[in-house]
Structures are given as C-alpha cells and as structure tokens.
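Some notes on the structure that comes next.
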Amino acid sequence: PEEFVYEQSTEQAYYFFLTATIDGVGLASEDWVGAFNGETCVGSRSWNLDYCNNGVCDVPVMGDDGYDWTAGYMEAGGTPSFKIFDASEDTYYEAVASEDVQWQTTQLFMIDNLNVVPDCNGDLAGDAYEDDCGTCDADPANDCVDYTIALDGVDLISFHALPENTSVNNIFGGLTSPINQNPGILGEGMSTIYDEGTQDWFGALTAIEPTDGYWVIIDDLDTLDIQGIHTEISTVYNLHEHTNLISYPFLGAPIVETIPDSAQGFIDAILGEGAAAMNTSDGWVGGLLNLSGTEGYWFITNEEVSFSYNPPVEGAARKDSPIRSVPMEFAFRQSTEQAFYFVENATIDGEPIEKEDLIIAYNGDVRVGSRYWYGETTDVPAMGTDGSDAYAGYCSAGDKISFKVLDASSGDLIDMVADGETIWNNNEFSIINLSNRVIPEEISFSFAYPNPFNPVTMISFAVPSEVEVHVAIHD
C-alpha cells in the first residue's frame with residue numbers, strides 16, 4: 001500500500017503480534033500492518049499468515065541510522081504506532097496495540113494483539129469518545145464533566161465547568177436539602193441567602209457566572225456535585241482597576257505559566273482562600289503558587305486589563321505549595337474578610353528565623369492568622385470579622401496588627417516589631433520585615449537627630465517597662 005512504503009535501515013527491531021484484528025475479526029491475507037514514527041512509515045508487513053511461522057507475523061520497525069533516507073525513523077526509547085490497511089475496503093485504520101513497547105535496535109518484541117477499535121459511535125478507528133455525561137462525539141468544546149467541590153464552612157470557590165442551567169438554586173440547591181446548611185453566597189458586589197421559612201433565595205445574585213468567584217458560607221461540612229460543560233478556553237476576563245473576584249477555567253496550573261506575560265504586569269497580587277501571591281520585580285512571591293479550577297481569587301490590579309488564561313501545558317506538574325498545617329493551638333478561623341502581610345525578612349537577635357519557626361498575627365490578644373516561615377517571602381494571613389460571634393475580636397478596618405514568632409529551637413513565643421504597614425483593611429496586602437523587640441535594662445535618652453535647628457527632629461528614648469512618659473520642651 002502507498003502509505004506503507006519505507007526504506008531499509010541498518011538499525012531495526014521486530015514486533016510480533018499473536019493476533020491482528022479489525023474490531024475483533026482477524027485480518028485477511030490481502031491486508032497489511034504498518035509501523036509509524038509520528039507520520040513517517042518505518043516498516044510494514046503483508047498479513048498473509050501462510051508466509052509466517054505458526055501463523056504469527058513480525059512487523060519490521062526501522063531506526064534512524066544517520067542516512068538521509070532514514071531521517072525521522074525510530075530512535076531508542078521511542079514508541080511506534082501502528083496502522084492496518086483493509087484491502088477489501090481500501091482503507092487505512094489507526095490500530096491499538098495491547099501493549100506499548102519502546103523501540104530498541106536489534107530487539108524482538110512479542111505482543112498479544114493489534115486491533116482496530118470502533119469508537120463510541122461504532123466508527124472503526126473513529127475520533128468520537130463518550131464524556132462524563134454520556135455524550136458521544138469528537139468535539140472537546142462540549143465535553144461534560146462530573147466533579148466535586150468540598151466545602152468546610154467558609155470557602156472561596158469557582159467553577160471550571162457549569163450546566164446549562166446556572167441558576168443559584170440549580171447550583172447550590174443541594175445545600176438546602178435534605179439537610180439545610182443555611183447557605184449564603186457572596187459574589188463581587190452581589191449576594192444571595194437561602195431562607196428556610198419561604199424555601200427560597202433572596203438577594204441580587206440569581207445566576208452563577210463561569211468567570212466569577214464566590215464565597216460560600218454554610219453551617220457544616222458538605223460538598224457540591226457539579227455536572228457541566230467546560231468553560232471555553234478562549235474566555236476573556238475583563239478586569240477593572242483594583243479588586244476583581246474571578247474564577248480559573250482549567251483544572252490547575254502555576255500562576256507564572258497560566259497568566260499571559262502581557263497581563264502579569266497589571267496584576268499586583270492574587271488573594272485566594274487563606275493564601276496569596278504578590279507580583280514583585282523578582283517575580284511572584286508568597287504561598288499561592290498555582291491556580292485551581294474549583295477555587296476563586298481576588299485579583300488586585302493597578303489598572304484595567306483583559307486577558308485569556310494560557311491553557312495548562314500537558315504533562316506539566318503543579319508547583320508544590322510551601323504552606324504547612326499549623327498546630328491547633330495556633331490555628332485560626334477562615335473568614336470572608338482577610339488581608340495578607342508579606343514578610344520579606346524575619347530575625348531574632350539579628351539571626352534569620354528557621355523554616356520550623358511559626359509567624360503568628362494578632363489583633364490585640366486575639367490570634368487572627370499564622371504561617372510557618374518559608375525561608376523566603378512568606379504571606380501571613382490576618383482574618384477580619386464578619387460581625388458574628390464566631391469572629392469576635394477579629395480584625396476591623398483600621399486595626400493595627402502585631403506579630404509574634406514561635407521559636408522552634410527554644411519553644412519561646414517572641415514579640416516581634418514590624419517594619420512596614422500593619423494597619424488592617426479587607427483584601428489589602430503589604431510588605432513588612434520582622435525583628436524581635438529587645439527590652440532595655442535601663443532608661444536611656446538619645447541625642448536629637450537631625451540637630452534641633454532643623455524644622456523636624458527625632459528624639460529616641462527607651463524604658464525597661466511600661467510606664468507613663470511625660471515629654472517637656474524647654475525654650
């Protein structure tokens with residue numbers, strides 16, 4: 001057959017197939033089997049069993065021996081593909097071997113079967129496949145998927161696939177029956193809440209958008225089971241200046257790869273549920289390394305920007321998150337209100353803290369966030385109050401956050417002094433450095449700097465304990 005012509009090489013291997021079939025029916029003596037490296041035929045054999053010992057034929061598979069006529073032929077470690085030529089139909093079919101065997105020169109490989117497999121429409125070697133919803137076709141744009149989103153009470157989520165009916169009740173109705181979780185859904189600038197008395201939803205949020213993110217608040221642990229069509233790969237996200245609550249349309253990928261380079265400069269930070277990333281001149285820093293198709297994100301932008309995400313690179317792995325679980329005594333409650341403090345450096349007595357040391361954020365004496373030190377810039381969350389008793393003492397706008405470090409080597413909880421902005425505001429972030437507060441042994445008073453003849457001067461003093469200080473100026 002014309003497509004099965006190849007050149008002899010000094011590098012060759014042979015693949016023996018105990019049976020070769022088309023939809024389970026053995027080949028006729030006029031049929032052929034061809035071997036390919038990509039689109040290049042590298043060997044073929046007429047499947048006349050009368051000319052093969054004991055009815056088992058071998059397919060020669062040629063390798064690249066350096067000559068021009070074998071360019072593109074097999075190389076060590078590559079896996080050939082196979083086609084079957086049906087002479088009665090004058091048709092070439094893609095065939096599937098029962099085992100994938102890597103090519104090595106001068107080797108003989110025994111394989112059980114080579115078969116032309118019909119697709120879900122019954123077409124031999126067809127491209128159609130059945131998706132999770134039972135639809136059989138070859139169009140990935142309308143693929144239906146089943147997936148589950150786990151909820152633990154306060155969750156920032158999004159949807160990489162949605163059903164045709166995107167009403168709030170169709171998406172979140174499972175949280176109201178058989179057990180009513182009293183769900184509340186908060187989007188960007190709109191919300192909805194379920195009322196058990198009227199068994200209805202109230203609020204301006206009536207339908208779920210594939211490009212948006214949502215806070216979901218429920219009473220207890222639960223799951224959302226979603227069946228729907230993937231968000232279009234080319235979906236454009238139009239972000240306005242400052243805060244945007246959006247989704248991610250794929251299963252997952254690293255931030256640096258999936259956000260186009262042309263858009264990254266417009267994004268100052270990305271805030272997820274309890275984790276964040278900040279865009280710096282040295283690249284992205286913080287604990288949020290990957291975006292996920294079931295999580296929502298606040299994108300903080302410095303001006304308007306529109307972009308479509310880059311699809312994940314096939315086979316590429318996500319980056320391992322540096323975030324670790326903290327001990328229960330230093331845990332905190334996730335809130336829909338949160339800010340992040342990116343700690344660039346942290347020292348105790350002038351020495352850098354270790355990765356086993358824990359940074360803890362406080363509002364007064366209430367613990368509002370904690371994070372193990374990464375060994376580099378670390379995003380420490382600080383949770384805000386939503387007005388409920390569960391968040392009593394948590395942060396409100398204008399509160400000043402303080403920090404402590406649990407020194408793993410000594411077990412001591414050490415007060416830290418922050419260099420940088422620590423005033424709390426929802427969905428804001430800042431860069432700080434931490435050092436331990438050294439308590440002086442005696443009262444000391446430093447010289448004025450710069451000298452007092454300047455319009456502004458600074459006078460530093462230190463006291464060994466908390467005392468009332470009276471400052472008097474003598475003219």
Side-chain atoms of residues 306-313: list all donor-acceptor pairs with protein atoms under 3.5 Å, sequence neighbours left out, distances to 0.1 Å.
unit_1	atom_1	unit_2	atom_2	d
S306	OG	N238	OD1	2.6
S308	OG	S234	O	3.1
S308	OG	T235	O	3.0
Y309	OH	S247	O	3.1
N310	ND2	E257	O	3.1

Between the side chains of [X] and [Y], is a donor N or O closer than 3.5 angstrom to an acceptor N or O?
X	Y	value
Y194	N169	no
D219	Q181	no
D412	S410	yes

| request: Measure centre to centre between the rings of Y237 and F299, then say whether the value is under 6.0 Å. | output: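 Aromatic pair excluded; centres sit 6.0 Å or further apart.
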
Is it true that a side-chain atom of [X] and a backbone atom of [Y] form a donor plus acceptor pair closer than 3.5 Å?
X	Y	result
N425	A397	no
Q338	G272	yes
N345	V343	no
S167	N170	yes

| task | Please work out which of the three classes, parallel, tilted or perpendicular, describes the rings of F445 and F461, given edges at 30° and 60°. | result |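 Aromatic pair F461/F445 classed parallel.
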
| Going by the angle between their ring planes, with limits at 30° and 60°, are F340 and F342 parallel, tilted or perpendicular? |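 It falls in the tilted class, 30° to 60°.
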
| task | Apply the side-chain contact (heavy atoms from CB on, under 4.5 Å) test between Y214 and each candidate in T192, L205, V168; give the one that qualifies. | result |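 Running side-chain contact (heavy atoms from CB on, under 4.5 Å) over T192, L205, V168 with Y214 returns exactly one hit, L205.
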
| Those residues that, when tested against D386, pass side chain to side chain donor-acceptor pair (under 3.5 Å) (two or more places apart) |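 For D386 the side chain to side chain donor-acceptor pair (under 3.5 Å) partners, ignoring immediate neighbours, are S388.
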
